[in-house]
Amino acid sequence: MSDNLPDISHDQHAVRRQKLADLRAAGVDPFRANFATTHFSGDALKAYVDGQENTVTVGVAGRLVVIRDMGKSQFVKILDQQGTIQLYVKKDVVGDEAYAAFKKLDLGDILGAKGTLFKTKTGEVTVRVDSYTLVAKALRPLPEKWHGLADPEQVYRQRYLDLIVNEESRKRLMLRARIVSHVRRFLEDRHFLEVETPVLQNVAGGAAARPFVTHHNALGVDFFLRISLELYLKRMLVGGYDRVFEIGRNFRNEGVSRKHNPEFPMLEVYQAYSDHRGMMTLIKDLLTSLCRDVLGTTKIKHAGSGEEIDFGGEWREVKYKDLIRTATGDADWFSRSKAEKIAKAEALGLSINPAWEEFEITNEIFSKKIEPTLIQPTFVMNLPKELCPLAKINQEDPTTLDVFELTIGGMEIAPAYSEQNDPDVQRTMFEAQAGEDKQSIDQDFLNALEHGMPPAGGMGVGIDRLCILLTSAESIRDVILFPQLRPGAA
RNA sequence: GGGCUGGUAGCUCAAUGGUAGAGCAGUUGCCUUUUAAGCAAUUGGUUCUGGGUUCGAAUCCCAGCCGGCCCA
């Protein structure tokens, strides 16, 4: 190096670009190299045979995340999908030239290394490197090694950095992948068929939510992004698929919060010749098997309250109306006038819109005063009939439905119904809900019901919320790889 | 949409109206079993943006941009 070059030592990006240029000038282009691995880091660590030093050969690859340079030898760590593994690089093993090049590597570079396993004097299984290959140069520096990346905005916008430096995030988001995978396997084992139904719909049915609208140029029509999977999956029941499920994205054009992301994957399951009670068994089996096989425990810490949620015991079953009567201290709540209900709700500290229907006032009490307190798994049974127009009416109390809402950790985890299969009742319910807006009724769905849908139980499970629960996350953003944010400043 | 709160070196954070600092990272040396490796030296700043107050602003005020928490 000549003396009149500008000092770029403060600019890590420039220093790394210079190193890359030097490599290329020497005929080495890391971006045209590759490396054949034989093991992931965790598998390599398991391949070590106690006492057998330098007998097992492995090829591992990953991102350089720790460098401890001791002059003529270095201990470094690389990170791959399974975690980190330590490499020991000695000058007199790899040779002078390769060692000199190794000393020029930066934290963040991606390399492959071949060598033999041994245990250091402090007991860590380590690869004694015979040779290595740089396969990608990192031109930008990693965040700080002790504290990781703490700025929440950068964690969400540049999740890749969060995943490299924050082990907690890495583990939580990998756990999510295993949860979803387990759900699929669980259902497939029970003869459920996974299907895919349209995201672009001309009627956004199956739920009450504000949809996103988009436009199809060739057809010259607007479409809604779906807000629910329900009406298409029920068409599959009509078509003879007796057990179906879909894990599909729903889109709701509403607020963003700790519990809401505008796009979210939803599991919906439908089982012919079952009902909501069948769904209770299914969801309990699913959650307990997730606890057992994925988490390895039936006790989970609830991030909000710090309370321990126990999936192992009996799950509480309680009627919606009884919860309301208890919360209001009024055994005759459901025969009170609207004015009395408003007065009582306001006395409980709620702000009530006088335009609301009575069931909405009651449900405000449920969602604000009751649901957040239901930390242990609780089946809330027999919801009022106004809340779910797609469910069967309960025969003993026709003001309620054959449904439950499974609530855990203060969150609605899984609503399930005995599905309405009477096309005339369904039409009446739709019309009552639609009011003047007849356009919003999915006429083809009613047509399908008229062809005959078998009696069935159906259930929805929000995957994000399930993951919040099972990973004890504080926020939905912690379980979504790339949560929705306002576009960043340019 | 409202209230509170934050934005300072690549990252994590200090600096309470008076010369913008530290640790890590980087750079240069030393060190062939380290574990946040160690030792020595050292570079690095549009204090989010734009206005204002002031002799003087990272700090106070106003507006904006992007977050976080709570509420709707």
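Letters go in sequence order (proteins before strands), and every chain restarts at 1.
For Arg477(A), a side-chain nitrogen or oxygen approaches OP1 or OP2 of G68(B) to under 4.0 Å. Contact check, Lys145(A) against C11(B): no side-chain N or O comes under 4.0 Å of OP1 or OP2. Residue Arg258(A) places no side-chain N or O under 4.0 Å from the OP1 or OP2 atom of C69(B). A sub-4.0 Å separation between OP1 or OP2 of A37(B) and a side-chain N or O of Arg68(A) is present. Distances shorter than 4.0 Å separate none of the side-chain N or O atoms of Arg157(A) from OP1 or OP2 on C66(B).
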Give each protein N/O atom lying under 3.5 Å from an N/O atom of nucleotides 4-8 of chain B, with the pair distance.
none

Show me the protein contacts with nucleotides 12-15 of chain B, counting only N or O atoms at under 3.5 Å.
| from | atom 1 | to | atom 2 | distance (Å) |
| --- | --- | --- | --- | --- |
| U12(B) | OP1 | Ala150(A) | N | 3.0 |
| U12(B) | OP1 | Asp151(A) | N | 3.0 |

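Taking atom P in both U16(B) and G52(B), the straight-line distance is 25 Å, to the nearest Å. Taking atom C1' on both G38(B) and C31(B), the two are 9 Å apart, rounded to the nearest angstrom. Remark: the separation of the C1' atoms in A58(B) and U42(B) is 26 Å, to the nearest Å. U27(B) and G44(B) have their C1' atoms separated by 10 Å, with the value rounded to a whole Å. Atom P of C4(B) sits at a distance of 12 Å from the matching atom of C61(B), rounded to the whole Å. Taking atom P in both G3(B) and C13(B), the straight-line distance is 27 Å, to the nearest Å.
Nucleotide G18(B) forms a pair with C55(B), judged by Watson-Crick or G-U wobble geometry with both contacts under 3.5 Å. G38(B): Watson-Crick or G-U partner is C30(B), with both key distances under 3.5 Å. Across all strands shown, G50(B) forms a Watson-Crick or G-U wobble pair, both distances under 3.5 Å, with C62(B). Applying the Watson-Crick and G-U wobble criteria (two distances, each under 3.5 Å), G67(B) pairs with U5(B).
In this structure, Lys259(A) places its NZ atom 12 Å from P of A72(B), rounding to the nearest Å. Remark: C1' of U33(B) and CG of Asn54(A) are 12 Å apart, rounded to the nearest angstrom. Remark: C1' of G67(B) and CD of Gln484(A) are 15 Å apart, rounded to the nearest angstrom. His13(A) places its NE2 atom 13 Å from the P atom of C11(B), with the value rounded to the nearest Å. The nearest whole Å value for the distance from the CZ atom in Arg140(A) to the C1' atom in A9(B) is 16 Å. Separating the CG atom of Leu161(A) from the P atom of C11(B) is a distance of 10 Å, rounded to the nearest angstrom. Rounded to whole Å, the distance from CD on Glu474(A) to P on G67(B) is 20 Å.
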Run the side-chain donor-acceptor check on residues 131-138 of chain A: report pairs under 3.5 Å with partners two or more places apart or on a different chain.
| from | atom 1 | to | atom 2 | distance (Å) |
| --- | --- | --- | --- | --- |
| Tyr132(A) | OH | Ala98(A) | O | 2.9 |
| Tyr132(A) | OH | Phe102(A) | N | 3.0 |
| Lys137(A) | NZ | Asp106(A) | OD2 | 2.7 |
| Lys137(A) | NZ | Asp109(A) | OD2 | 2.9 |

Return a table of donor-acceptor pairs under 3.5 angstrom between the side chains of residues 404-416 of chain A and protein atoms on other chains or two or more places apart.
none

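Of the options Glu346(A), Glu358(A), Glu364(A), a salt bridge (charged side-chain N to carboxylate O under 4.0 Å, His left out) to Lys341(A) is made by Glu358(A) and by none of the others.
Partners of Thr120(A) by side chain to side chain donor-acceptor pair (under 3.5 Å), not counting sequence neighbours, listed by chain and number: Thr122(A). Partners of Asp322(A) by side chain to side chain donor-acceptor pair (under 3.5 Å), not counting sequence neighbours, listed by chain and number: Arg325(A). For Gln201(A), the side chain to side chain donor-acceptor pair (under 3.5 Å) test picks out no residue, with sequence neighbours left out. Residues forming a side chain to side chain contact (heavy atoms under 4.5 Å, CB included) with Ser475(A) (at least two apart in sequence, or on another chain): Arg258(A), Arg477(A), Asp478(A). Applying the side chain to side chain donor-acceptor pair (under 3.5 Å) criterion to Asp92(A), with sequence neighbours excluded, gives no partner residue.
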inquiry  = One character per nucleotide, please: for nucleotides 26-32 of chain B, 5' to 3', B when the base has a protein heavy atom closer than 4.0 Å, S when only the sugar-phosphate does, - otherwise.
reply    = BS---BB
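Taking the centre and axis of the six-membered ring of Tyr99(A), the NZ or CZ atom of Lys90(A) falls outside the cone set by 45° and 6.0 Å.
Contact of Glu124(A) with U33(B) (side chain to base): no donor-acceptor pair of N or O atoms is detected under 3.5 Å.
Within the structure, the side chain to side chain donor-acceptor pair (under 3.5 Å) test picks out the following pairs touching residues 172-181 of chain A (sequence neighbours left out): Arg176(A)-Asp464(A), Ser181(A)-Arg185(A). Sorted by first and then second residue, the ring-ring contact (aromatic ring centres under 6.0 Å, His included) pairs involving residues 32-75 of chain A (not counting sequence neighbours) are Phe75(A)-Tyr88(A).
Among the nucleotides G68(B), U34(B), G10(B), the one closest to any side-chain atom of Leu485(A) is G68(B).
At the heavy-atom level, Tyr99(A) lies nowhere under 4.0 Å from the strands shown.
Arg159(A) has a carboxylate O that lies under 4.0 Å from a charged side-chain N of Asp162(A), or vice versa, which qualifies the two as a salt bridge.
Taking the six-membered ring where the residue is Trp, Phe379(A) and Trp315(A) present tilted rings, their angle falling between 30° and 60°.
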